[in-house]
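Structure record follows, encoded as structure tokens.
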Amino acid sequence: KMKYILILFLIISCKLFSQEKKVVYLNENYQEIDKSEFIKGESSREYLDLYFENDSLIQGLLVRRRPIGKLNENQLNELKRNLSIPKEINDELIVIIYYPGKDRCNGMERNSTWNIFDRDYLKKLKKISDVNHHWIYKDDENLKYYYQDKIGWKKDNNQLIENFFFKYHYPCFSCVVIDSKGNFIANYGEFGKQTVWEISKELKKIK
């Protein structure tokens with residue numbers, strides 16, 4: 001009997017060992033880095049860690065939490081068409097709050113108390129700049145808990161917003177603010193109304 005238990009133990013051990021997947025850690029330029037460097041970035045507020053898994057491999061990717069970039073003229077015009085924004089917006093900022101779909105972070109099944117829905121959010125934002133504000137979603141599962149009936153959430157039908165700014169599913173929500181020249185600052189993952197105010201002020205300083 002002991003012999004059979006030992007054989008069974010060896011079979012289970014071999015199976016578990018063969019199922020162990022290789023883990024690769026990457027920086028935001030998709031270059032491989034060691035685990036300690038990844039953990040250091042992961043624990044800082046500057047980066048967000050994302051994980052991708054297939055049959056044989058787990059990839060950990062560090063992405064900058066608050067990337068800065070610029071849309072070219074064609075991209076900016078395409079974005080305006082997509083959001084039905086007049087061609088000339090001068091000093092106006094385009095603000096997009098983006099819901100990627102239900103995940104562990106935003107999956108609570110009760111009405112949200114997130115401060116982005118506070119009355120003073122848009123009021124203070126409009127004191128910083130004239131704004132063209134948009135609430136965009138990829139998938140509407142659980143969106144009913146984020147005032148879907150009161151707020152004009154619009155579907156990112158052709159994935160333009162996703163392709164321009166939100167290539168991965170960042171947890172919770174994300175946002176991006178774009179100025180009239182195409183400069184933008186995004187925030188991936190969890191944020192509050194203060195983040196949008198900060199980013200907007202930062203963008204207004206770009207000449």
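For reference, positions follow the sequence shown, starting with 1.
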Same cluster or not: are I96 and L71 linked, directly or through other Ile, Leu, Val, Met, Phe, Trp or Tyr residues, by side-chain heavy atoms under 4.5 angstrom apart?
yes
Does a donor on one side chain and an acceptor on the other come within less than 3.5 Å for Y47 and R64?
yes
Considering only NZ, NE, NH1 and NH2 on the basic side and carboxylate oxygens on the acidic side, decide whether E198 and R66 come within less than 4.0 Å.
yes
Report the C-alpha separation of F52 and Y168 in whole Å, then their side-chain angles, then the decisive distance to 0.1 Å, and conclude whether the side-chain contact (heavy atoms from CB on, under 4.5 Å) test is met.
CA-CA 10 Å; F52 307 94; Y168 302 111; 3.5 Å; yes
Check: I128 main-chain N/O paired with W197 side-chain donor or acceptor under 3.5 Å:
no
Heavy atoms, side chains only, cut-off 4.5 Å: are V95 and N132 in contact?
no
From H134 atom NE2 to S84 atom OG, the distance as rounded to the nearest 0.5 Å
8.0 Å
Flag side-chain contact, heavy atom, 4.5 Å: I58 against V24:
no
Are L62 and E28 side-chain neighbours, meaning at least one heavy-atom pair lies under 4.5 Å?
no
Contact between K102 and E109 at the side-chain level, heavy atoms closer than 4.5 Å - yes or no?
yes
Side chain R65, main chain N187, donor-acceptor under 3.5 Å:
no
Is the gap between the ring centers of Y137 and Y146 under 6.0 Å?
no
Under 4.0 Å between a Lys/Arg side-chain N and an Asp/Glu carboxylate O for E46 and K40?
no
Using the rule that two of Ile, Leu, Val, Met, Phe, Trp, Tyr join whenever any of their side-chain heavy atoms come within less than 4.5 Å, decide whether V176 and L50 are in one cluster.
yes
For N29 and Q31, indicate whether the former's side chain and the latter's backbone hold a donor-acceptor pair under 3.5 Å.
no
Are any of the side-chain heavy atoms of L143 and Y99 separated by less than 4.5 Å?
yes
Distance check, rounded to the nearest 0.5 Å: E37 atom CD versus N27 atom CG?
7.0 Å
Answer yes or no: is there a side-chain heavy-atom contact under 4.5 Å between I116 and V196?
yes
Worked verdict on L48 versus Y170 for side-chain contact (heavy atoms from CB on, under 4.5 Å)
CA-CA 8 Å; L48 192 65; Y170 307 106; 3.9 Å; yes
Where C175 and I199 come nearest, the two heavy atoms and their spacing:
SG-CD1, 4.3 Å
May I ask you to decide if the ring planes of F173 and W114 are parallel, tilted or perpendicular, using 30° and 60° as cut-offs?
tilted
For the NZ atom on K193, are there more than 12 heavy atoms of other groups (residues, nucleotides or ligands in this structure) within a distance under 6.0 Å?
yes
Under 4.0 Å between a Lys/Arg side-chain N and an Asp/Glu carboxylate O for E162 and K138?
yes
Distance (rounded to the nearest 0.5 Å) between K80 NZ and L76 CG
4.5 Å
Going by atom types alone, do N106 and N142 pair a side-chain donor with an acceptor below 3.5 Å?
no
CA sep, side-chain torsions, deciding dist, call: D139, K155, salt bridge (Lys or Arg N to Asp or Glu O under 4.0 Å)
CA-CA 8 Å; D139 184 299; K155 187 170 174 61; over 6 Å; no
Main chain of G182, side chain of D179: is a donor-acceptor contact present, judged purely on distance under 3.5 Å?
yes
Begin from the C-alpha positions of F166 and I161 and carry the test side-chain contact (heavy atoms from CB on, under 4.5 Å) through to its verdict.
CA-CA 7 Å; F166 310 114; I161 311 296; 3.8 Å; yes
Quick one: does D118's side chain have a donor or acceptor within less than 3.5 Å of a partner on Y121's backbone?
no
Looking only at heavy atoms, which two atoms of G101 and H169 are closest? And how far apart?
O-CE1, 3.5 Å
Is there a chain of hydrophobic side chains (I, L, V, M, F, W, Y, each step under 4.5 Å between heavy atoms) that links I185 to L93?
yes
So, does S174 use its side chain to make a donor-acceptor pair with the main chain of G189 at under 3.5 Å?
yes
Give a yes or no on whether Y98 and V131 share a hydrophobic cluster (residues Ile, Leu, Val, Met, Phe, Trp, Tyr; joining criterion: side-chain heavy atoms under 4.5 Å apart).
no
Among the clusters formed by ILVMFWY side chains lying less than 4.5 Å apart, do I136 and F191 turn up in the same one?
no
Can you list the residues that meet the side-chain hydrogen bond (donor to acceptor under 3.5 Å, both in side chains) rule with N115, with sequence neighbours excluded?
Q194
Show your working on salt bridge (Lys or Arg N to Asp or Glu O under 4.0 Å) between K181 and E73 and close with a plain yes or no.
CA-CA 8 Å; K181 297 179 188 74; E73 195 178 345; over 6 Å; no
How long is the straight-line distance from CD of E92 back to CD1 of I178, given to the nearest 0.5 Å?
12.0 Å
Are F165 and L79 side-chain neighbours, meaning at least one heavy-atom pair lies under 4.5 Å?
yes
Using 30° and 60° as the class boundaries, would you call the ring planes of Y147 and F117 parallel, tilted or perpendicular?
perpendicular
Closest non-hydrogen contact found for L160 with D156 is N-OD1, 3.2 Å
Closer than 3.5 angstrom, by distance alone: can the side chain of N163 be matched with the main-chain N or O of Q159 as a donor-acceptor pair?
yes
Nearest 0.5 Å please: distance from the NE2 atom of H133 over to the CD1 atom of I94.
12.0 Å
Contact summary for K144 and N111, nearest pair of heavy atoms:
O-OD1, 4.2 Å
Could you measure the distance from the CD atom of E202 to the CD1 atom of I206? Nearest 0.5 Å is fine.
7.0 Å
Salt-bridge criterion met for D91 and K204 (N-O under 4.0 Å):
no
